[in-house]
Amino acid sequence: MTSVADKLRFEPLRLPPELDELRADVRAFLAETLAGMSVVKRSHSWESYDAEFSARLGARGWIGMTLPEQYGGHGRSALERYVVVEECLVAGAPTGFHWVADRQSGPLIVRYGTEAQKQEIVPRITQGKACFAIGMSEPNSGSDLASLRTRAERIPGGWRVNGTKIWTSNAHRANYMIALFRTDPDPNKKHAGLSQFLIDLDKTSGITPRTIQNLAGGRNFNEVAFVDAELPEDALIGREGEGWRQVTEELAFERSGPERYLSCFFLLRKLIDQVGGKASSATLARIGAQVAWATTLRNMSLSIAAKLNAGEDPALEASVVKDLGCQFEQALPGLCQELCELEPSLEGFGTEYQQVLGSLVQVAPSFSLRGGTPEIMRGIIAKGLGVR
Amino acid sequence: MNETRQILEDSVNRLFGDRLDWDALTRIEDSGFPRQLWDEVVDQGIHKVLASEDAGGMGAGWGEAYAVLRACGRHAVPLPVAEASIAEWLAAQAGCVLPEGVPGLLTSTLDGNAVAGDSLVLDGARTPWGREAAYLVGVAARGSAAELIVADPAGLEITAEDNLGRDPRDTLSGRARVTARHALPLPADCVRWLGALARSAQIAGGGAAGLDLALQYAAERSQFGRPLAAFQAIQHYLADLAGTVAAVDTISLAACEALDARGMASDGRNARFEIAAAKCRASEAVEKLTRLSHQVHGAIGFTYEYGLHFVTRRLWAWRAEFGGAGEWGEYLGREAVAVGGDGVWPLITA
Ligand SMILES: Cc1cc2nc3c(=O)[nH]c(=O)nc-3n(C[C@H](O)[C@H](O)[C@H](O)COP(=O)(O)OP(=O)(O)OC[C@H]3O[C@@H](n4cnc5c(N)ncnc54)[C@H](O)[C@@H]3O)c2cc1C
């Protein structure tokens, strides 16, 4: 008598009380460091690029926390890292410079990199001094990522790359890129023809990023042209033909983190102050419902963090959190508009609340694109339920 | 998973799964209280997970009882198991033992004036399965303290009413004889909170049953030469349904565990926060749970013969019982505004 719903359980995790001290330290650091920073910049949180902030966070030992000490990491648990990450998101800390490096590139290099790469690159990551870009999407390969065509060919002593990546966040200012290329053009090997590469952007020629302005005026993502870009032998990271498997391994980390439901939390905080004591019962009920959602999603996300910490692979659960988290955070700007009739405004005009609203109203459509769309998430969930 | 919870879940699902197919649920709606099944529940002690060992119970917590409550939702159990569980926990907190038989849980806080000496005066007190009750149990406000009241329902005027799930929700009026009073170290409005928690768990179970039926039906029914499950629109409904069920399940269980860990009586941040979040989320989710599970079924799901309605009608009833998303959302909204924008995250993470 089992229910299909039994396959999808999120065992609650209570964070050990030792973490309270770390949380208090992080809060105090963020309160001091972020005071006076523009609210619009803060509202973009993990998409705000600020090398100086990342270096300060790194100096506190809060980047690459789980990485081994021999490479400058701190050998701390995934749950300790979770606490730092969620506090940064809620505070609106500009973590964009180190975000990708901390979340996935650092662990990837520790797992698959050469000894030389680990010694050279990982310490820079943990100091908050290395920015990474992820080169996966291409002009003709978005959701159907495995159809990608950018080609890495073997040449004596290395690889030659030709093709185009697109939507590559921070490629114009990153130090490294982790990219997925086709190493085997055999059309029968769609997934098996892909490999992952670690590229030192500061030392490689033939790679030209062109920044693409987003609808809100921001300049974060790029089109990146590879024209006979030559990479050394050891740029191949992991095994040839294993790129798809390696990328999928990273996805549970990428999809279940607190950034999947907290992108608008800064706005929720501002909304609560904006409506304040004069709110009607109906307005309070709507705000309370958001608090209930956030609490629910936090429990789900933490439960996955515990599974990841225990070495399990909660890929299905991660897709559920991404899908639900996106429903929650994408609806928030519209709700804020409804609950207090104030026009969203551009940076520099109107009140702080109006500026934060204006910024998040504009970026909210991207929440359901970056990291995989809800349509794709639901396909994955349906497969997990056995209907696909 | 918590081992005791897993064992309980397996055994309770087995019992109710065996006894409560659609024919049985239909018969019970026609013929009334399933006395034999209640006796089996009592024999197995399913209603006494939260009772103290002295009272013949398991002495377990809400984290374990969650398995029973969720199973009651999943199998549309037409018995006051959730109500009995609440009554037994209250008795355990008061350090007393309840009488034998079907309990009539008084769902509203009793006004201190309603209880005088050995007399309890009720005026339209809503009581699930009141007509079957061997005894009444409720909580009265005594100044700022609370008292557990046990009373004999003999002589009360009972107006029989059913909720949408066709489970008895009777109203009781008149004078009942109080048989026991015990000091209760809980807030006087605790039954509303515990009821909300129990209904959240039942909604998680009912939602899981709707998902199971929808999945099974989508695999069996074909249109345009393909099973419904082959259509992407249907796959996406099922995925959305599964995620919505999982969210209610997560927060309801988290609230049960919070109640075990922090109680609901202390000052400051106690389990009230999670309980309110659970009932708010669960009640809000009912719209999607019922809409999507019916949509996947087409017209067959709208018939009495096909039993999806046994859970969906209960989901609609449970959404409102012990307060809906409006009431619990407002509670949380007030808490949030009281601590302000900067205080809301510390409240969530406390
Ligand atoms: C702000 C931002 C930052 C990004 N950063 C990066 C980055 O750093 N690196 C990187 O590699 N990429 C990045 N991306 C790209 C992102 O991963 C893609 O946008 C995403 O994978 C979707 O691809 P697409 O935009 O080509 O849309 P498409 O795949 O063309 O999809 C368009 C629509 O069709 C739907 N659709 C597609 N296939 C199906 C299907 N089988 N069934 C049903 N519906 C379907 C999609 O869900 C979507 O709604 C970024 C995107 C954004 C918005």
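Atoms considered below: every heavy atom in the structure, side chains included; atoms not considered: hydrogens, waters and symmetry mates. Order of the sequence lines fixes the chain letters, A, B, ..., with proteins taken first and strands second; residue numbering starts at 1 for each chain.
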**Report entry** Neighbour count >12 (heavy atoms, 6.0 Å) for atom CZ, A/Phe328
**Finding:**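 Correct, the count exceeds 12.
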Any chance you could measure [X], atom [atom1], to [Y], atom [atom2], to the nearest 0.5 Å?
X	Y	atom1	atom2	result
B/His236	A/Glu375	NE2	CD	6.5 Å
A/Ser3	B/His75	OG	NE2	8.5 Å
A/Ile381	B/Leu238	CD1	CG	11.0 Å
B/Asp212	A/Asp6	CG	CG	7.5 Å
B/Leu253	A/Glu11	CG	CD	6.0 Å
A/Asn299	B/Glu257	CG	CD	9.5 Å

Do you know which of [options] has the most heavy-atom pairs with chain B at a distance under 4.5 angstrom?
options	result
A/Ala5, A/Ser319, A/Ala282	A/Ala5
A/Glu86, A/Arg14, A/Lys7, A/Met300	A/Met300
A/Asp20, A/Val320, A/Ile287, A/Val291	A/Val291

Query raised in the report: Using a distance-only test with no angle check, is there a side-chain donor-acceptor pair under 3.5 angstrom linking A/Arg27 and B/Thr349?
Result: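 Short answer, yes.
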**Report entry** Donor on one side chain, acceptor on other, A/Gln327 and B/Asp240, under 3.5 Å
**Finding:**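 The answer is yes; a qualifying pair exists.
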Testing the basics here: between [X] and [Y], what is the closest heavy-atom pair and its distance to 0.1 Å?
X	Y	result
B/Gln235	A/Val387	NE2-O, 3.6 Å
B/Ala336	A/Ile272	O-CG2, 3.6 Å
B/Ala242	A/Leu385	CB-CD1, 3.8 Å
A/Ala289	B/Cys280	CA-SG, 3.6 Å
B/Thr244	A/Leu324	N-CD2, 4.3 Å

Residue [X] versus chain A: region with a heavy atom under 4.5 Å:
X	result
B/Ala246	both
B/Tyr66	side chain
B/Pro227	neither
B/Leu211	side chain
B/Phe273	side chain
B/Ala247	both
B/Val245	side chain

[Y] and [X], any side-chain heavy atoms less than 4.5 Å apart:
X	Y	answer
A/Leu284	B/Tyr331	no
A/Ser281	B/Arg334	yes
B/Ile251	A/Phe10	no

Query - Ion pair check, B/Asp342 and A/Lys270, cut-off under 4.0 Å - result: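 Result for this pair is no, no salt bridge flagged.
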Requested in this report: Write out all pairs satisfying side-chain hydrogen bond (donor to acceptor under 3.5 Å, both in side chains) with one or both partners inside residues 284-294 of chain A, taking only residues at least two apart or from two chains.
Outcome: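 Non-adjacent pairs meeting side-chain hydrogen bond (donor to acceptor under 3.5 Å, both in side chains): A/Arg286-A/Glu338.
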Could you look at [X] and say if it's the side chain, the backbone, both or neither that has a heavy atom under 4.5 Å from chain B?
X	result
A/Val90	side chain
A/Leu89	neither
A/Leu8	both
A/Phe265	side chain

**Report entry** Which of B/Ala338, B/Gly243, B/Ser283 touches chain A most, by non-hydrogen pairs under 4.5 Å
**Finding:**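 The candidate making the most pairs under 4.5 Å is B/Gly243.
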Report task. Name the option with the most non-hydrogen atom pairs under 4.5 Å to chain A; the candidates are B/Gln216, B/Arg262, B/Glu327. Result ->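 Most pairs with chain A among the choices: B/Arg262.
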Report task. Could you give me the CA-CA distance, side-chain angles and deciding distance for B/Trp345 and A/Leu268, then say whether side chain to side chain contact (heavy atoms under 4.5 Å, CB included) is met? Result -> CA-CA 10 Å; B/Trp345 178 250; A/Leu268 180 61; over 6 Å; no
Query raised in the report: Of A/Thr296, A/Thr295, A/Leu297, which meets side chain to side chain contact (heavy atoms under 4.5 Å, CB included) against B/Arg281?
Result: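 Of A/Thr296, A/Thr295, A/Leu297, side chain to side chain contact (heavy atoms under 4.5 Å, CB included) with B/Arg281 is met by A/Thr296 alone.
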